[in-house]
A.B. asks: 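Structure provided below as structure tokens; questions to follow.
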There are 2 protein chains.
Amino acid sequence: MDTTAPGPRPAPAPGSAPRRRDKAATRAALLDAARLRFGRHGYDGTGVRDIAADAGVDAALVFRYFGSKQRLYAEAVRAEVPAGLAADRRRPLEEVTADLLHDVVFADWSAYDGEHPLLVMLRSSGRDHVRAQLRTRICDDYLGEFARRLDGPDAALRAELLGALLLGMGVMRSLVGSPALGEASYERTRPLVDRLVAALAQAEEDGR
Amino acid sequence: MDTTAPGPRPAPAPGSAPRRRDKAATRAALLDAARLRFGRHGYDGTGVRDIAADAGVDAALVFRYFGSKQRLYAEAVRAEVPAGLAADRRRPLEEVTADLLHDVVFADWSAYDGEHPLLVMLRSSGRDHVRAQLRTRICDDYLGEFARRLDGPDAALRAELLGALLLGMGVMRSLVGSPALGEASYERTRPLVDRLVAALAQAEEDGR
DNA sequence: GTCTATACTGTGATAGAC
DNA sequence: GTCTATCACAGTATAGAC
């Protein structure tokens, strides 16, 4: 495991707030460090000691404040799904998917080392508790309203195909590091995605 | 799929029957066990002792035969990309993508606990050596010929979008366990994918 | 009350003696 | 080929210093 930040306690730099003995600040520091570490190295690749060292506190505080590594993970990786992304039925579909594209694929989630929390979780999908969290967030939070919008017999399936496309793009960019998608801009990618979304929306009209 | 390493071994002397303690057989058993374990629990969640126990041998053999856990992983997870998937320029595009759909998303890779090796690797993408392997296999092996087929300015990007879609579908099915895609059949899914592929191929004709 | 030191128990990879 | 020792490090718990 990563043994960066050794030593007992690097004295706080002059000017930085000497945050000692502040419960809320320590909790927040632990969460920030956890996001970064979990994002970079996944659940198993991260130790509570590393996180604590990054936050400048002792590892025991993880258990004091969060109970377990697992609960720390769950809390660190919880991010708000942008409210109303798919909620407003009056917005055109491409606009909503464009927002999703921006949010999931192109946004810079610097708190998670540049990756969307969902992609971060993907890396730890070997753990059952992570899978469950993932499924809920993707299928319910992100795609639920979508499925209701695209009605028709295959609505749920088509909504998940849309999710697969966006998620896959994020995976290609962040986890795989593919060249074209990695360098492409949001502006250049959007028309292609729009076209795909249109094809998906249109599919409800013909019998299959 | 079975990579029974065919080393040029001399045949045992006539009369000496025992096929137990066969180097090649032990190696193969270790590889099989490794595929299953790595598939189920990921790189970090798997111990060499588990693998060795599954194979019925001692853990030290892993190091004797493969040098390290990391090299065992690399070898276990290497699977042949179906030759000629995208190679034949005369096959219609939808046929080729349908093959990919079947191979990546719907095939039952029972040797890997039901998941395509690429998805298995995704779970371990926190490790740099895994990422490098991933990128090569996806972008070069699977999508390279594709990009050459779809010519036009955005060819590489569109090829990667196709990859993203298929990969994302696999992710939704295997790693996330999404309900609709999880239960959908290949036959029901294919027309939707065909439509998306058509939209992608068609995009080269209009200016963006 | 907030935090640190340290110990406990399990398991990881690996080396070297049989 | 196998067994066992080793040694680092994981998650977690507790006791007590500030």
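Residue numbers begin at 1 in each chain, while the letters A, B, ... track the order of the sequences.
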A.B. asks: Could you give the CZ-to-P distance, from A:F66 to C:dC3, as a whole number of Å?
C.D. replies: 12 Å

A.B. asks: So if I take every side-chain heavy atom of A:R64 and compare against C:dT14, C:dC3, D:dG1, which nucleotide ends up nearest?
C.D. replies: C:dC3

A.B. asks: Quiz question: by atom type and distance under 3.5 Å, do the side chains of A:S125 and A:R131 form a donor-acceptor pair?
C.D. replies: no

A.B. asks: Could you pull out all residues at least two apart from A:D113 that satisfy side chain to side chain donor-acceptor pair (under 3.5 Å)?
C.D. replies: A:R40

A.B. asks: Does A:T26 have a side-chain nitrogen or oxygen under 4.0 Å from the phosphate oxygens OP1 or OP2 of C:dT2?
C.D. replies: no

A.B. asks: Output the rounded distance in Å from OH (A:Y43) to P (D:dG11).
C.D. replies: 8 Å

A.B. asks: Pair A:R71, A:H129 - check side-chain contact (heavy atoms from CB on, under 4.5 Å), show working.
C.D. replies: CA-CA 10 Å; A:R71 288 226 283 277; A:H129 67 271; over 6 Å; no

A.B. asks: Which nucleotide in the set C:dT4, D:dT2, C:dC3 lies at the smallest distance from any side-chain heavy atom of B:L61?
C.D. replies: D:dT2

A.B. asks: Going through the checks in order, is the salt bridge (charged side-chain N to carboxylate O under 4.0 Å, His left out) test met by B:D99 and B:R91?
C.D. replies: CA-CA 11 Å; B:D99 279 358; B:R91 296 180 68 202; 2.8 Å; yes

A.B. asks: Check side chain to side chain contact (heavy atoms under 4.5 Å, CB included) between B:V104 and all other residues, then give those that pass, not counting sequence neighbours.
C.D. replies: B:L100, B:H116, B:Y142

A.B. asks: Compare every heavy atom of A:Y112 with every heavy atom of A:A76, then report the nearest pair and how far apart it is.
C.D. replies: O-OH, 3.0 Å

A.B. asks: Nearest whole Å is fine: how far is D:dA10 P from A:D58 CG?
C.D. replies: 14 Å

A.B. asks: Of the residues in residues 121-133 of chain A, which ones touch DNA chain D at a heavy-atom distance under 4.0 Å?
C.D. replies: none

A.B. asks: Please indicate whether B:E183 has more than 12 foreign heavy atoms, meaning atoms of other residues, nucleotides or ligands, lying under 6.0 Å from its CD.
C.D. replies: no

A.B. asks: Tabulate atom names and distances for all N/O pairs under 3.5 angstrom spanning the protein and nucleotides 9-12 of chain C.
C.D. replies:
unit_1	atom_1	unit_2	atom_2	d
C:dG12	N7	B:R49	NH1	3.3

A.B. asks: Looking at residues at least two apart in the chain, or sitting in another chain, which of them share a side chain to side chain donor-acceptor pair (under 3.5 Å) with A:S174?
C.D. replies: none

A.B. asks: Can you tell me how far P of D:dC9 sits from CD1 of A:I51, to the nearest Å?
C.D. replies: 17 Å

A.B. asks: Mind checking whether A:Y186 and A:H102 have parallel, tilted or perpendicular rings, split at 30° and 60°?
C.D. replies: perpendicular

A.B. asks: Describe, as an angle rounded to 10 degrees, how the axis at the first end of the helix from C:dG1-D:dC18 to C:dC18-D:dG1 is tilted relative to the axis at the last end, five pairs per end.
C.D. replies: 10°

A.B. asks: Reckon B:Y65 has a side-chain N or O less than 4.0 Å from the OP1 or OP2 of D:dG1?
C.D. replies: yes

A.B. asks: Taking the side chain from A:R173 and the backbone from A:L181, do they hold a donor-acceptor pair closer than 3.5 Å?
C.D. replies: yes

A.B. asks: What is the distance, to the nearest angstrom, from the CZ atom on B:F63 to the P atom on D:dA5?
C.D. replies: 18 Å

A.B. asks: Output, in order, the C-alpha distance, side-chain angles, deciding distance and verdict of salt bridge (charged side-chain N to carboxylate O under 4.0 Å, His left out) for B:D141 and B:R137.
C.D. replies: CA-CA 5 Å; B:D141 298 353; B:R137 297 184 59 64; 3.5 Å; yes

A.B. asks: B:R71 CZ to C:dA13 P: how many Å, rounded?
C.D. replies: 15 Å

